[in-house]
Amino acid sequence: MSEQLHVTVLGTGIMGAAMARNLARAGHAVTAWNRSRDKAAPLAADGVSVADTPAEAVADADAVLTILYDGPAVQEVMAQAAPALKPGVRWIQSTTAGLDGASALAAVADEHGLVFFDAPVLGTRAPAEAGQLTVLASGPADDPVANAVFDAIGAKTVWTGADGADGSASRLKLVANSWVLVLTHGIGEVLALAKGLGVDPQGFYDLIQGGPLDAGYAHAKGALILDGATDQASFGLDTALKDTRLIVEAAAANGVRLDLAEAGAERFRRASAQGHGDEDMAATYFASFDE
């Protein structure tokens, strides 16, 4: 779609700020809002207008993209935006909100006559900044407005269903995140064990290099741990804890027990209690030690 759109981004954390910049680079008129205005203010240098309230931000929007902490935060912000929303506006909901959260947000969209897209994304800081996210989308696949937004923020869109209210994209996101989190805890524990046993971590990496046991996350998250750079967050630990709890809740509601996810939640909780909550989720490593 070559036509310029007015797109509002509600939430300018690691992901939201990158999405807003890429939408502006794609030639769209972008307005952003964040609860802490100082986090949104730097976007002005990229041609993004910064609003003081959600209602101000969504005025005249063709599409609204929400990328906030969790489902309740999205509900709160959209309630503030509602008076200024026009029926027919495309709502692209990219917050990881869980199954109950996705259903509740779809009901909000229906109440206000919005075209709802359940559209969580896969990727962290680097792919978000490069516009290389993978969008998981449920909603009308032939919608030119939504597709223009997806093209600006992602490298690939995976359609999971034709009705955003079915939550199919959110279900796939929870499954994918469960794998990401298992890999992250795995490398954290491997490197903790190597330290405890006096094993050079490079020996472990040499052992798995290029084989079936190798994994990109082993290198990406392991490097943050070994370089002492977990403060350079691309996926915050407290956010990972929230996502893990959503995964465990969704599993339990559907008769599935996830022992690894439950243990992972405890590792994240322990690392957060040690003061690592704002760091990258690779800081799960520290949960292996008493600090």
Participant: With sequence neighbours left out, what residues match Q202 under side-chain hydrogen bond (donor to acceptor under 3.5 Å, both in side chains)?
Facilitator: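 If we apply the side-chain hydrogen bond (donor to acceptor under 3.5 Å, both in side chains) test to Q202, skipping adjacent residues, the hits are D206.
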Participant: Passes side-chain contact (heavy atoms from CB on, under 4.5 Å), T66 versus V77? Steps please.
Facilitator: CA-CA 9 Å; T66 47; V77 170; 5.7 Å; no
Participant: Got a sec, which residues hit side chain to side chain contact (heavy atoms under 4.5 Å, CB included) with A192, two or more places apart in sequence or on another chain?
Facilitator: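 If we apply the side chain to side chain contact (heavy atoms under 4.5 Å, CB included) test to A192, skipping adjacent residues, the hits are Y285, S288, F289.
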Participant: Checking T53 now: which residues fulfil side chain to side chain contact (heavy atoms under 4.5 Å, CB included) with it, not counting sequence neighbours?
Facilitator: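 Residues passing side chain to side chain contact (heavy atoms under 4.5 Å, CB included) with T53: A55, E56.
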Participant: Is S168 reaching over with its side chain to a backbone N or O of T160, donor-acceptor style, under 3.5 angstrom?
Facilitator: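 Indeed, once roles are kept as given, a pair shorter than 3.5 Å links the two residues.
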Participant: Just how far is it from atom CG of N177 to atom CG of L181, taken to the nearest 0.5 Å?
Facilitator: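 N177 atom CG to L181 atom CG measures 5.5 Å (nearest 0.5 Å).
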Participant: Just to verify, what does A252 make a side chain to side chain contact (heavy atoms under 4.5 Å, CB included) with, not counting sequence neighbours?
Facilitator: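 Result, side chain to side chain contact (heavy atoms under 4.5 Å, CB included) vs A252: none returned.
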Participant: Is there any side chain to side chain donor-acceptor pair (under 3.5 Å) pair reaching into residues 207-218, and which pairs are they, with sequence neighbours excluded?
Facilitator: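 Counting only pairs at least two positions apart or across chains, the side chain to side chain donor-acceptor pair (under 3.5 Å) contacts touching residues 207-218 are D214-H219.
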Participant: So, H28 side chain and L5 main chain: donor-acceptor pair closer than 3.5 Å or not?
Facilitator: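 Such a contact is found between H28 side chain and L5 backbone.
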Participant: Scan residues 109-131 for pairs that pass side chain to side chain donor-acceptor pair (under 3.5 Å), counting only residues two or more places apart or in two chains.
Facilitator: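 Listed once each, the pairs are D118-S170.
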Participant: Could you pull out the closest heavy-atom pair between G188 and I225, with the gap in Å?
Facilitator: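 So the minimum-distance heavy-atom pair works out to CA-CD1, 4.0 Å.
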Participant: Supply the atom-to-atom distance D52 CG to N34 CG, rounded to the nearest 0.5 angstrom.
Facilitator: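 So the CG of D52 and the CG of N34 are separated by 12.0 Å.
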Participant: What's the spacing between H276 NE2 and L237 CG if we round to 0.5 Å?
Facilitator: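 Interatomic distance, H276 NE2 to L237 CG, rounded to 0.5 Å: 8.5 Å.
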Participant: Walk me through it: do V121 and M19 pass the test side-chain contact (heavy atoms from CB on, under 4.5 Å)?
Facilitator: CA-CA 11 Å; V121 296; M19 290 171 163; 3.8 Å; yes
Participant: For residues G71 and L105, report the shortest heavy-atom separation together with the two atoms involved.
Facilitator: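 For G71 versus L105, the nearest heavy atoms are O-CD2, 4.1 Å.
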Participant: Is R245 salt-bridged to E249, going by a charged N under 4.0 Å from an acidic O?
Facilitator: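 No salt bridge links R245 with E249.
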Participant: Tell me whether D70 is salt-bridged to K242, with the criterion being a basic N under 4.0 Å from an acidic carboxylate O.
Facilitator: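 Looking at K242 together with D70, the answer is no, because their closest N to O distance does not fall below 4.0 Å.
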Participant: Can a donor-acceptor pair be found, under 3.5 Å and without considering hydrogens, that links the side chain of D280 to the backbone of S234?
Facilitator: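 Yes, because the side chain of D280 sits within donor-acceptor range (under 3.5 Å) of the backbone of S234.
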Participant: Show the nearest heavy-atom pair for residues A250 and L99, with the distance to one decimal.
Facilitator: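 Result for this residue pair: CB-CD1, 3.8 Å.
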Participant: Sequence neighbours left out, what passes ring pair (Phe, Tyr, Trp, His ring centres under 6.0 Å) with F235? Give chain and number order.
Facilitator: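 Expected list: none.
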Participant: Report yes if some heavy atom in the side chain of E266 is under 4.5 Å from a heavy atom in the side chain of E262; otherwise report no.
Facilitator: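 No. Closest side-chain heavy atoms not under 4.5 Å.
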Participant: Just checking, any donor-acceptor pair under 3.5 angstrom between side chains of T31 and S49?
Facilitator: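 The criterion, which ignores hydrogens and geometry beyond distance, is not satisfied for S49 and T31.
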Participant: If you look at every heavy atom in G161 and D166, which pair is closest and at what distance?
Facilitator: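 In terms of heavy atoms, the two residues are closest at CA-OD2, 3.9 Å.
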Participant: Could you tell me if the side chain of K156 sits less than 4.5 Å from the side chain of V158, heavy atoms only?
Facilitator: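 In contact.
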Participant: Closest approach of A146 and F117, non-hydrogen atoms and distance?
Facilitator: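 The answer is CB-CZ, 3.5 Å.
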Participant: Looking at I67, L65, I92, which one forms a side-chain contact (heavy atoms from CB on, under 4.5 Å) with I153?
Facilitator: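 That would be L65.
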Participant: Identify which one of T8, N22, V9, V50 satisfies the side-chain contact (heavy atoms from CB on, under 4.5 Å) criterion when paired with V30.
Facilitator: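 For V30, the side-chain contact (heavy atoms from CB on, under 4.5 Å) check succeeds only for V9.
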Participant: If two hydrophobic side chains count as joined below 4.5 Å and joins carry through other members, does M15 share a cluster with V180?
Facilitator: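 Result: no, two separate clusters.
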Participant: Could you go through the side-chain contact (heavy atoms from CB on, under 4.5 Å) check for D243 and F268 one step at a time?
Facilitator: CA-CA 11 Å; D243 286 1; F268 282 141; over 6 Å; no
Participant: For M78 and W91, what are the C-alpha separation, side-chain angles and deciding distance, and is it a side-chain contact (heavy atoms from CB on, under 4.5 Å)?
Facilitator: CA-CA 10 Å; M78 288 300 283; W91 178 10; 3.6 Å; yes
Participant: Flag yes if V135 and V7 sit in one hydrophobic cluster, no otherwise; membership is Ile, Leu, Val, Met, Phe, Trp, Tyr, and two members link when side-chain heavy atoms are under 4.5 Å apart.
Facilitator: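 As far as the 4.5 Å side-chain criterion goes, V7 and V135 are connected within one cluster.
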Participant: Are D143 and R90 ion-paired here, with the side-chain N under 4.0 Å from a carboxylate O?
Facilitator: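 R90 and D143: salt-bridged.
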Participant: What distance separates K195 NZ from D200 CG, expressed to the nearest 0.5 Å?
Facilitator: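 Taking NZ in K195 and CG in D200, the distance rounds to 14.0 Å.
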Participant: Search all heavy atoms of P201 against all heavy atoms of L191 and return the closest pair with its distance.
Facilitator: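 The pair with the smallest heavy-atom distance is CB-CD2, 3.9 Å.
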Participant: Is there side-chain contact between V58 and L10, with heavy atoms separated by less than 4.5 Å?
Facilitator: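 They are in side-chain contact.
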Participant: Among all residues two or more places apart in sequence or in another chain, which pass the side-chain hydrogen bond (donor to acceptor under 3.5 Å, both in side chains) test with T244?
Facilitator: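 With neighbours one apart ignored, the set is empty.
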Participant: Identify, with sequence neighbours excluded, every residue that meets ring pair (Phe, Tyr, Trp, His ring centres under 6.0 Å) alongside F150.
Facilitator: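 Per chain and number, F150 pairs via ring pair (Phe, Tyr, Trp, His ring centres under 6.0 Å) with W159.
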Participant: With distance as the sole test, does D227 use its side chain to make a donor-acceptor pair with the main-chain N or O of A229 at under 3.5 Å?
Facilitator: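 Looks like no, no N/O pair under 3.5 Å.
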Participant: Would a distance-only check, ignoring hydrogens and angles, find a side-chain to backbone donor-acceptor pair under 3.5 Å from S138 to D163?
Facilitator: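 At least one qualifying donor-acceptor pair exists.
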Participant: Do L246 and L174 come within less than 4.5 Å of each other through their side chains, counting heavy atoms only?
Facilitator: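 Yes, at least one pair of side-chain atoms sits under 4.5 Å.
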Participant: Does D290, at its CG atom, have more than 12 non-hydrogen atoms belonging to other residues, nucleotides or ligands within less than 6.0 Å?
Facilitator: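 12 or below, so no.
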Participant: Between W179 and L133, is there shared hydrophobic-cluster membership here, with clusters defined by ILVMFWY side-chain heavy atoms closer than 4.5 Å?
Facilitator: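 Hydrophobic grouping puts W179 apart from L133.
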Participant: Rounded to the nearest 0.5 Å, what's the gap from OG1 on T96 to CG on L122? Could you check?
Facilitator: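 It comes to 8.5 Å.
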Participant: Counting distance only, does the side-chain N/O of K221 pair as donor-acceptor with the main-chain N or O of I187 below 3.5 Å?
Facilitator: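 Not at all, since once roles are kept as given, no pair shorter than 3.5 Å links the two residues.
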Participant: Report the residues that fulfil ring pair (Phe, Tyr, Trp, His ring centres under 6.0 Å) with F204, sequence neighbours left out, ordered by chain and then residue number.
Facilitator: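 Here no residue qualifies.
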Participant: Can you name the residues that form a side chain to side chain contact (heavy atoms under 4.5 Å, CB included) with V175, not counting sequence neighbours?
Facilitator: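 Checked V175 against side chain to side chain contact (heavy atoms under 4.5 Å, CB included); zero matches.
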Participant: Enumerate the residue pairs fulfilling side chain to side chain donor-acceptor pair (under 3.5 Å) with a member in residues 182-193, sequence neighbours excluded, ordered by first and then second residue.
Facilitator: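 As it turns out, the side chain to side chain donor-acceptor pair (under 3.5 Å) pairs with a partner in residues 182-193, which skip direct neighbours, are H185-T284, E189-R267.
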Participant: Going hydrophobic residue to hydrophobic residue with side-chain gaps under 4.5 angstrom, can you get from I14 over to L23?
Facilitator: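 Yes, I14 and L23 fall within the same hydrophobic cluster.
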Participant: Nearest 0.5 Å, please: how far is CG in L114 from CD in Q93?
Facilitator: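 Between atom CD of Q93 and atom CG of L114 there are 12.0 Å.
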Participant: Should V115 and P140 count as side-chain neighbours, where that means a heavy-atom distance under 4.5 Å?
Facilitator: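 With C-beta onward as the side chain, the pair touches.
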